[in-house]
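Here is the structure we will look at.
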Amino acid sequence: MNRAEFLRIMGAGAAAAAMSNFTSVSQAMESLQQKKKQNNGLIEELSSTLESQEAVVDKPITAIVIGAGARGRTYASYSEHFSKSLKIVGVADINKERKLHLKNKYNLSDEHCFNDWSEVFSIPKFADAVIIATPDNLHYHPCLKALEAGYDVLLEKPVAQSVKECTDILKYAKKYNRIVGICHVLRYAPYFMAMKKVLDAGMIGDIVSIQHMECIRFHHMAHSYVRGNWKSARETTPIVIAKSCHDMDMMRWLVNKPCKSLSSYGGLTLFKRENAPAGSTERCLDCAVEAECPYSAKRIYLKDRRYLYVFDIPDNERNDKKYASLIMDKLRTTDYGRCVFRCNNDQCDHFVTSMEFEGNITGAFSMEAFTATGGRLTCIMGTKGWLKGDMKKFEVTDFLTNKHSVWNQDISSLPGYEGHAGGDFGIVKDFVLAVANQDASYLTSSIDLSIESHVMGFEAEHSRVLKKRIEL
Ligand SMILES: NC(=O)c1ccc[n+]([C@@H]2O[C@H](COP(=O)([O-])OP(=O)(O)OC[C@H]3O[C@@H](n4cnc5c(N)ncnc54)[C@H](O)[C@@H]3O)[C@@H](O)[C@H]2O)c1
């Protein structure tokens, strides 16, 4: 780079400002070049190195799956790819077919296959760890029992249904000196891991503010939070915990400072009985206006063949015509066939929170049901640059050099990469390492490190309901 180039890149004003700390143009140019090299190096390195998902350990750790539904099966399937890291040795599920499925898949003995979760703890400890992937209202008691019995725990989010229950789990983990890994899986996705490294390296200077938007996607909202398992905030947790605890956690983690206060707004606007179109009926199969409804169950499950794992239809067979009658039957008999305007649901379909983190860092979070694509959009404003990303790639712009650096690594070669952008297997890897080495610091989402963001979520809901700013 010559002097003219330096001045062109910097612009006259910026060059003068940059020069003020240096005794000569050449010294300033050298410093700029060094900075560019450093920053280029980091993004290039992060974009070119794809860490293996394999946990290298002396012998596989053993685990029992409690709740053999979608999440339990996902974590268990890690052992199929990395049999030297993890071995599944037991299962508990009140759904007999799911229990049997795992029994056969992992060749489990009869005495280690249970119905209710509590039965696991009726016999002496027979594994290193338990994976708790039961519904939200069945995390707390199984987790306490597992810790008492001496198991390390991989615990699905949400940790529990109240701040008190979350802190009880933390206390038990300390009391029994056990590892509890919380499935804040996004922390283990290569995309967010790279973003965190870029921020920690100071590539955008000091963080001044963060904007983070969770796009749920209109049919996902209808499936999970209107018709499905999480439609009732009371029976599960409010959506800002049930869905967005990942995002509260991500904001807290990226900013790396505690949240001091917050204020929320939001509500349920669309999915209510009073908005049911004329001519609509209790179930989509009988509905005269179903063809005009983007949320039609016929459209989502039968035509587009989405979310069929809830009917235990294997993902690789979901387009098979042979399942049409099974799907029709489910739409006639389960909540997945109900009209979205008549589901007795209460979760918000839009939710925003403004936050103030320590150091006067501001945060804006937005959870939106009415989006065409899913995923997260993040913008982080720093004193020396900004970062913006869409979960596929992120771009960093350096204010001084106007250089854009892009992380856009292809992760499709990773086994299980579809699950939360690689985070599902990423967390199992670190959990295995933590258990094998009896060292919770392998996990970035141990209970100690991730409980704070759950408190943020619970308080965000209080703020919305009470319509007031909350100090944390
Ligand atoms: N980390 C994430 O990103 C993520 C994503 C989706 C869901 N989740 C959470 O994971 C958990 C499980 O969700 P899922 O989608 O796998 O649900 P699911 O309904 O597919 O699975 C839950 C399983 O638990 C079983 N179960 C219910 N009661 C039981 C009992 N008493 N004893 C033993 N088993 C019992 C059910 O039969 C079912 O098979 C939920 O808490 C959910 O919020 C986390």
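Nothing fancy with the numbering, it's 1 onward along the sequence. Numbering of ligands and ligand atoms starts at 1, following listing order.
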Validate the cation-pi geometry between Lys87 and Tyr106: distance from NZ or CZ to the six-membered ring centre under 6.0 Å, angle to the ring axis within 45°. no
Partners meeting salt bridge (Lys or Arg N to Asp or Glu O under 4.0 Å) with Asp335 (sequence neighbours left out): Lys231, Arg338
Can you see whether Asn408 engages Glu395 through a side-chain donor-acceptor pair at a distance of less than 3.5 angstrom? no
Test salt bridge (Lys or Arg N to Asp or Glu O under 4.0 Å) on Asp312 and Arg73 and set out the steps. CA-CA 11 Å; Asp312 293 309; Arg73 289 196 301 255; 3.4 Å; yes
Knowing that exactly one of Tyr188, Phe425, Phe431 qualifies, which makes a ring-ring contact (aromatic ring centres under 6.0 Å, His included) with Tyr78? Phe425
Are the charged groups of Glu282 and Arg273 less than 4.0 angstrom apart, N to O? yes
For ligand 1, which of its N or O atoms have a protein N or O partner closer than 3.5 Å, and how long is each gap?
unit_1, atom_1, unit_2, atom_2, d
ligand 1, 1 (N), Glu156, OE1, 2.9
ligand 1, 1 (N), Glu156, OE2, 3.3
ligand 1, 1 (N), Cys183, O, 3.3
ligand 1, 3 (O), His246, NE2, 2.8
ligand 1, 3 (O), His420, NE2, 3.0
ligand 1, 16 (O), Ala70, N, 3.2
ligand 1, 16 (O), Arg71, N, 2.8
ligand 1, 19 (O), Asn229, ND2, 3.4
ligand 1, 20 (O), Ala70, N, 3.0
ligand 1, 31 (N), Asp116, OD1, 2.7
ligand 1, 32 (N), Trp117, N, 3.0
ligand 1, 37 (O), Asp93, OD1, 2.6
ligand 1, 39 (O), Asp93, OD1, 3.4
ligand 1, 39 (O), Asp93, OD2, 2.6
ligand 1, 39 (O), Arg98, NH1, 2.8
ligand 1, 41 (O), Thr134, O, 3.2
ligand 1, 41 (O), Asp136, N, 3.4
ligand 1, 41 (O), Asp136, OD1, 2.6
ligand 1, 41 (O), His139, NE2, 2.8
ligand 1, 43 (O), Asp136, OD1, 2.7
ligand 1, 43 (O), Lys157, O, 3.4
ligand 1, 43 (O), Trp230, NE1, 3.2

